[in-house]
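Report on the structure given below.
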Amino acid sequence: MNNKYELVIGLEVHAQLLTASKLFCGDSTTFGAEPNTQVSPVSLAHPGTLPVMNEKVIELAVRLGLALNCTIVQDNYFARKNYFYPDLPKGYQVSQHTAPICLGGHLPIQTSEGKKNVQLNRIHMEEDAGKSLHDQDEKYTSIDLNRAGMPLLEIVTEPDLHSADEAYAYLTELRKLVRWLGVCDGNMEEGSMRCDANVSVRLKGATTLGTRVEVKNLNSIRNVKRAIEIEAERLIGIVEKGEQVIQQTRSFNADNNTTFALRSKEEADDYRYFPEPDLPPFFISDEYLQEIKAAMPALPAALQNKYISSYNLPEYDAAQLSNDKDDSDLFEAIIRHTTHYKAAANWMTVLKQYCSNAALPVSSFPLTAEKIATLINFTETGKVSFNAASTRILQELINSPEETPESIATQLNLVQESDESAIEAWVDEVIASMPDKVKEYRSGKKGLIGLFAGEVKKRSKGKADMQLTNKVLTEKLNN
Ligand code: ADP
Ligand code: MG
């Protein structure tokens, strides 16, 4: 990018909430149902129907607001945003656009440029519209109203992002957080999390904002990044030619990596907002706020810090463990029964692989955390190799959970020889049988240690504790 310019980005994210029913009626929110099967008279806007507030939506909005350090607004009401579109049966969208439930706040991100807090503008609740399907029929557009009335949170940043990488990091962190809190499944491909990117450029050092374009139809975080990169180049091209940027809504085409204009803002509608008369205003009491705060899980950033400072884990492990709540829940449960933190972190990789092969969520791992901790402790004493424990013993334990790691290791003849004198005997034999190699080793070919260790393993029929073997070998060879 031409470094005379600064890129300015503001993101609007729509997150569909993980409630069982819609925002103002009992229709199911399950994804993928047959079109128009989750449409009660309320969703269809039949005359005489009235909305009823789904309280769970308020709880999720507040939960996300607290996690993002927002100010929670206690006096709330909904407004009507009036416009005509075939997928909007009421002819208006019920939204908090004019009076959001959460104000301000920030989300910490990290990029190769360092750490920063992305400043938020607001979070508000609103209902979704139905879906127009233009490719089902040659002559007609089809409408699926299952989505009409689904609860959404719109999370809006300040124009505070300055590169495609920052936008990528922000969306990755935000998705992690909404999943963590059980607010939204974060699935951009299915459209349950959607993002519009507002992009402008200005000369470095300028204090006013340039004219922005808004890019829609971004169905993955990677596509948001690509679209921003394309728009940055396009906008700079326009400015460099001395032309004016037109405020526009554009669409991203992932097939050929381009954007094209959908409409210009001159045609912007007047939505004639007014307070929704069918829903009473509502107040969030201090007690209710306290209740939600008390039920908040520990957040990923706090856990990551704890793993580093209290358990001495490397930054990479700490980040991995705090990426997903199921993972950190299992890890936390395991370390209630063992203090081998680093080993437990390593074991998480094994357990997750097992679940992925068995198509199981990590939360349904088939052994109790206590049993897993027993296996970890058993392995850490050197009784069995990590390799044997993580493959054969783990599987046997799952097959027969009434057994112990020790009984299985004995039955399968996997208990390692960790008696130092036995190991020394094998090491002496090996050293005596390979005088030439020993000479080479002693004159500097240290890589031969693997060969000697392999010989010990053979002589012990695979039972020698390899950690101990290596220690004894190094001692004897260096003498
Ligand atoms: P609208 O609802 O009409 O799209 P908003 O004021 O809600 O307008 O802004 C939408 C988003 O656009 C916000 O994230 C905001 O930070 C961002 N934004 C506003 N102006 C600019 C600009 N000049 N350049 C980049 N982003 C901008
Ligand atoms: Mg907008």
Side-chain angles (χ1 to χ4, degrees), residues 1 5-15 64-65 68 70 73 79-83 85 92-107 109 116-129 152-171 173-174 193-218 221 224-225 227-236 238-239 244-252 259 261-273:
M1 196 177 111
Y5 295 95
E6 179 186 45
L7 186 54
V8 179
I9 304 154
L11 297 178
E12 295 166 84
V13 168
H14 284 95
L64 182 61
L68 288 169
C70 302
V73 176
R80 287 188 184 179
K81 176 181 180 177
N82 297 281
Y83 66 94
Y85 205 75
Y92 56 84
Q93 178 194 26
V94 178
S95 163
Q96 271 201 319
H97 196 274
T98 46
I101 186 165
C102 306
L103 291 174
H106 62 262
L107 178 64
I109 61 164
K116 89 175 229 181
N117 283 334
V118 177
Q119 299 303 317
L120 301 179
N121 175 279
R122 65 168 188 270
I123 304 175
H124 72 253
M125 304 183 265
E126 64 185 27
E127 61 177 340
D128 208 345
L152 301 176
L153 289 183
E154 181 170 340
I155 305 139
V156 183
T157 73
E158 292 293 342
D160 189 34
L161 297 150
H162 297 289
S163 69
D165 284 340
E166 284 190 359
Y168 189 93
Y170 168 79
L171 289 172
E173 282 304 309
L174 183 65
M193 181 168 141
R194 308 195 282 272
C195 175
D196 301 337
N198 295 269
V199 186
S200 65
V201 294
R202 63 181 172 191
L203 282 174
K204 269 192 185 148
T207 47
T208 54
L209 292 170
T211 305
R212 66 171 153 139
V213 293
E214 180 170 349
V215 190
K216 293 188 175 287
N217 296 325
L218 302 164
I221 297 183
V224 174
K225 181 169 183 268
I228 291 171
E229 284 163 352
I230 292 163
E231 276 308 299
E233 290 305 326
R234 200 183 63 83
L235 293 174
I236 289 171
I238 294 173
V239 177
Q244 291 285 321
V245 173
I246 315 163
Q247 190 171 339
Q248 267 180 343
T249 302
R250 298 179 71 86
S251 179
F252 178 65
T259 66
L262 287 174
R263 56 181 179 270
S264 72
K265 278 277 177 175
E266 278 105 343
E267 301 152 29
D269 305 290
D270 173 7
Y271 293 120
R272 293 178 296 125
Y273 287 102

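Throughout, numbering of the chain's residues begins at 1 and tracks the sequence. Whatever order the structure lists ligands and atoms in, that order sets their numbers, starting from 1. Fair warning: this is a prediction, and the values are worked out from it, not measured in the lab.
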Quiz item: Taking only heavy atoms of Leu209, which atoms of ligand 1 are found under 4.0 Å from at least one of them?
Solution: 23 (N)

Quiz item: Would you say ligand 1 has an N or O under 3.5 Å from any N or O of Gly210?
Solution: yes

Quiz item: Is ligand 1 under 4.0 Å from a heavy atom in the side chain of Asp160, in the backbone, in both, or in neither?
Solution: neither

Quiz item: Which atoms form the tightest heavy-atom contact between Val73 and Pro100, and what is the distance?
Solution: CG2-O, 3.5 Å

Quiz item: At a 4.0 Å threshold, what atoms of ligand 1 neighbour a non-hydrogen atom of Leu11?
Solution: 14 (O)

Quiz prompt | Heteroatom proximity flag, Asn198 to ligand 1, N/O under 3.5 Å | solution = yes

Quiz prompt | N-O pairing of Lys204 and Glu6 below 4.0 Å | solution = no

Self-check item: Contacts of type salt bridge (Lys or Arg N to Asp or Glu O under 4.0 Å), residue Lys225, not counting sequence neighbours
Solution: Asp165, Glu229

Quiz item: Closer than 4.0 angstrom: is that true for some heavy atom of Val156 and an atom of ligand 1?
Solution: yes

Quiz item: Should the pair Lys116-Glu166 be classified as a salt bridge under the 4.0 Å nitrogen-to-oxygen rule?
Solution: yes

Exercise. Run the numbers for me: atoms of ligand 1, each under 4.0 Å from some heavy atom of Thr157, listed by number.
Key: 13 (C), 14 (O), 15 (C), 16 (O)

Quiz item: Would you say the side chains of Arg272 and Asn82 form a donor-acceptor pair under 3.5 Å?
Solution: no

Quiz prompt | Side-chain heavy atoms of Glu127 within contact of Gln93, under 4.5 Å | solution = yes

Quiz item: Who's closest to atom 8 (O) of ligand 1 heavy-atom-wise, of Glu158, Arg122, Arg212, Glu214?
Solution: Arg212

Quiz item: Do Val199 and ligand 1 have an N or O pair less than 3.5 Å apart?
Solution: no

Exercise. Among Ile228, Asn198, Val118, find the residue that satisfies the side chain to side chain contact (heavy atoms under 4.5 Å, CB included) test when tested with Leu161.
Key: Val118

